[in-house]
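We're numbering straight along the sequence, starting at 1. Computation of the quantities below employed the complete heavy-atom set of this structure, encompassing side-chain atoms and omitting hydrogens, waters and symmetry-equivalent molecules.
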Amino acid sequence: MVSKQGLHLISRRNLMLGSGALAALQALPQSAEAEVVSPLVEQLDHGAWPSDATVKKLYEDLLTQRAIQSYMLTLPTLNVIGMRDGSEATFGKGYNVLPIWKDRMNAKTLVPTPNCDVVYSMSYLNLKETGPLVVYAPPNVIGMFTDFFQRTLTDVGAAGPDKAGGGLYLLLPPDYNDQVPGGYFAFRSRTYNVFLFFRTVLAPGPDGPDTTVAVATAERSRVYPLYSLERNRPRMEFPNASPVRVNMMYPTDFAYWEKLKAFIDYEPAESLDPVTRGMLASIGIIKGQPFAPDARRKEILTNAVETAARTIFALRITPEGLPNAPYYSDRHYVNGWGGVDDAFFGSSYQSLDSRAAYFQAAYSSAPAMVADIVGLGSKYPIAFRDAKGELLEGSRSYRLRLPPKIPAHLYWAVTVYNPHDGTMPETSQAFPSRNQFDKVETNPDGSVELYLGPTKPAQAPERNWIQTLEKRAFLVAVRLYGTDQTFYDQTWKPDDLVPL
């Protein structure tokens, strides 16, 4: 007898067989059982071998997917590698070289989301070459140290262990096994390469911001090897980076993978998690092994760099892409972290999308930038849509109102950026920004109205206008340093940008 399962299979086959084949099937002895095929065998070509063309396409699709995911996982690393390589090629290499943007950072420096309303000091330390390094951080620095996956070692300054009083930080390499001496704020890095990032705050001058004290404070920084003798230490060098054109961006071609491979070979295997190492291995990047893709694989990997960048950018401007990003229920500002901590961890997972979105257009993520530290932390509401929900266009003019009593204990600033990578647009103005030291005109109630557009709107005071570029997208960052309670409880909120 034919089982019920067999009759079911025969009925399915009847739909596909011609009358002759059907007659032959019906002529089978009643005791013959129809073949039972597993779901996967039936799904995969009914048990036949796939064609060579199908196999090739599927494999290349997988390679592309793995390359895109590898890019998204490793963008924090390439982000800071691009900064290091551009800086050292321009200003020199060494733990004693600390470039300072003494006249503030402008559009000549290509770097993700720089702050032109503060004095930057940035350098790149190699603990494999030097061993443990001591860094003296002067008082009143706002800064941090991160490893080269941009995982924070510590905040520096008011939110750090020195509490804005300055102090000696000891940076230990990942393989350091000796006794840790006392007298230092000691931190072990998971990578040999460490990023030093200090900011010193401007002061009000007679006609705008004054950098004098901020630069003098930055130049008190010192870096030297542990146990080194004073007479043997090279003098610190503080080149002025402000007037220099320098490209500190990450690669946008096959060099992305070449620089990543060099990083993987140089650093301990444990500096990256096993899943990321496995993802990289699937595209041919394995520590200590040759990386020599053939022409076709190289083409796929090169194309994946562009596709990944486009994908991340689309993710950033798709409302459902980062559902926790909105800062407010009634405004179009977003939070670069969106409900996760400085390492992009939520309650039960790490937000890989938020991390990739952040490092496409920014660098350095530290607790002081995320935690709600009243009077000490910093906040950055970002807008790339206007009050109508439309994307900001450089050919249009807008008004941005900051309500009275702006909750920034140290200072506030509003800056325009290229949304794709966070670089600053180069316009006829010295800086694409306005801050509280710029002598902007203030309304009688204490509110501030800023104007953004390719030409100055007639009603806009000169000091309240930020220039944009025709036919170019832009985003706006509102910076609040030393953020007060009214920001955290949302009794103070920046108004949306209103198109004029």
Hey, mind stepping through L196 and L98 against side chain to side chain contact (heavy atoms under 4.5 Å, CB included) and telling me if it holds? CA-CA 9 Å; L196 179 160; L98 180 58; 3.9 Å; yes
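- Within the 4.5 Å cutoff, side-chain heavy atoms of R316 are placed close to those of L475.
- Between P50 and V55, the shortest heavy-atom contact is CG-CG2, 3.6 Å.
- At least one donor-acceptor pair under 3.5 Å links the side chain of S395 to the backbone N or O of K471.
- At a threshold of 4.0 Å, the pair E299-R296 counts as salt-bridged, since one of the basic side-chain nitrogens sits closer than that to a carboxylate oxygen.
- Residues D495 and R331 have side chains in contact (heavy-atom distance under 4.5 Å, counting atoms from C-beta outward).
- A tilted orientation is assigned to the rings of W492 and F487, their planes being inclined by 30° to 60°.
- A donor and an acceptor atom, one from each side chain of T191 and N193, are nowhere located under 3.5 Å apart.
- More than 12 non-hydrogen atoms from other residues, nucleotides or ligands lie less than 6.0 angstrom from CG of D330.
- The main-chain N or O of L301 is never found under 3.5 Å from a side-chain atom of Y256 such that the two would form a donor-acceptor pair.
- In this structure, R190 contributes its side chain and F149 its backbone to no donor-acceptor pair below 3.5 Å.
- Between F187 and P161, the closest heavy-atom pair is CZ-CG, 4.2 Å.
- Here the side chain of K93 pairs no donor or acceptor atom with the backbone of R84 at under 3.5 angstrom.
- The line from CG of L497 to CZ of R385 is 13.0 Å long, rounded to the nearest 0.5 Å.
- For the pair D178 and Y176, the minimum side-chain heavy-atom distance is below 4.5 Å.
- Taking OG of S87 as the start and CE of M248 as the end, the distance is 5.0 Å to the nearest 0.5 Å.
- The pair D496-K388 does not meet the salt-bridge criterion, since no charged nitrogen lies less than 4.0 angstrom from a carboxylate oxygen.
- Side-chain atoms of Q350 come within 3.5 Å of backbone atoms of A343 as a donor-acceptor pair (strictly under, hydrogens ignored).
- Side-chain atoms of D265 and F291, non-hydrogen and from C-beta on, never get closer than 4.5 Å to each other.
- Interatomic distance, F238 CZ to K102 NZ, rounded to the nearest 0.5 Å: 8.0 Å.
- Expressed to the nearest 0.5 Å, how far CG of L73 lies from CG of L272 amounts to 9.5 Å.
- The CH2 atom of W412 sits 13.0 Å away from atom CZ of R479, with the distance rounded to the nearest 0.5 Å.
- For D273 (side chain) and T276 (main-chain N/O), a donor-acceptor pair under 3.5 Å exists by modelled atom type.
- Atom NZ of K298 has 12 or fewer neighbouring heavy atoms from other residues, nucleotides or ligands inside a 6.0 Å radius.
- N418 places no side-chain N or O within donor-acceptor distance of the main-chain N or O of H420, the cut-off being under 3.5 Å.
- Of all non-hydrogen atoms in S351 and V340, the two that sit nearest each other are CB-CG1, 4.0 Å.
- Contact annotation: the side chain of Q150 never approaches that of R355 to less than 4.5 Å [non-hydrogen atoms, C-beta and beyond].
- Relative orientation of the Y380 and Y481 rings is perpendicular, given thresholds of 30° and 60° on the angle between their planes.
- Distance alone, capped at 3.5 Å, places no donor-acceptor pair between the T415 side chain and the P432 backbone.
- Listed here is the closest heavy atom pair of P99 and M122: CD-O, 3.1 Å.
- Classified by interplanar angle (parallel below 30°, tilted 30° to 60°, perpendicular above 60°), the ring pair W337/F344 is parallel.
- Counted by atom type alone, S189 and D147 present zero donor-acceptor pairs between their side chains at under 3.5 Å.
- Shortest non-hydrogen contact noted between I466 and V414 is CD1-O, 3.6 Å.
- Considering every non-hydrogen atom in both Y333 and P494, the closest pair reads CE1-O, 3.5 Å.
- Side chains of F148 and I81 form a contact here, defined as non-hydrogen atoms less than 4.5 Å apart.
- Using cut-offs of 30° and 60° on the angle between ring planes, the pair F145 and Y169 is tilted.
- In summary, the side chains of Y192 and S271 do not present any donor paired with an acceptor at a separation below 3.5 Å, with no hydrogens or angles considered.
- Under 3.5 Å, the side chains of T74 and T77 contain no donor-acceptor pair of N or O atoms.
- Side-chain contact check for L322 versus V334: every heavy-atom pair is 4.5 Å or farther apart.
- The distance from the OG atom of S397 to the CD atom of Q467 is 10.5 Å, given to the nearest 0.5 Å.
- Proximity of a side-chain donor or acceptor of T483 to a complementary backbone N or O of G377 within less than 3.5 Å is detected.
- Separation of the Y363 and F197 ring centroids falls under the 6.0 Å cut-off.
- Within the 4.5 Å cutoff, the side chain of L172 has heavy atoms near those of the P132 side chain.
- A distance-only check finds a donor-acceptor pair linking the side chain of Y250 to the backbone of Q360 [under 3.5 Å].
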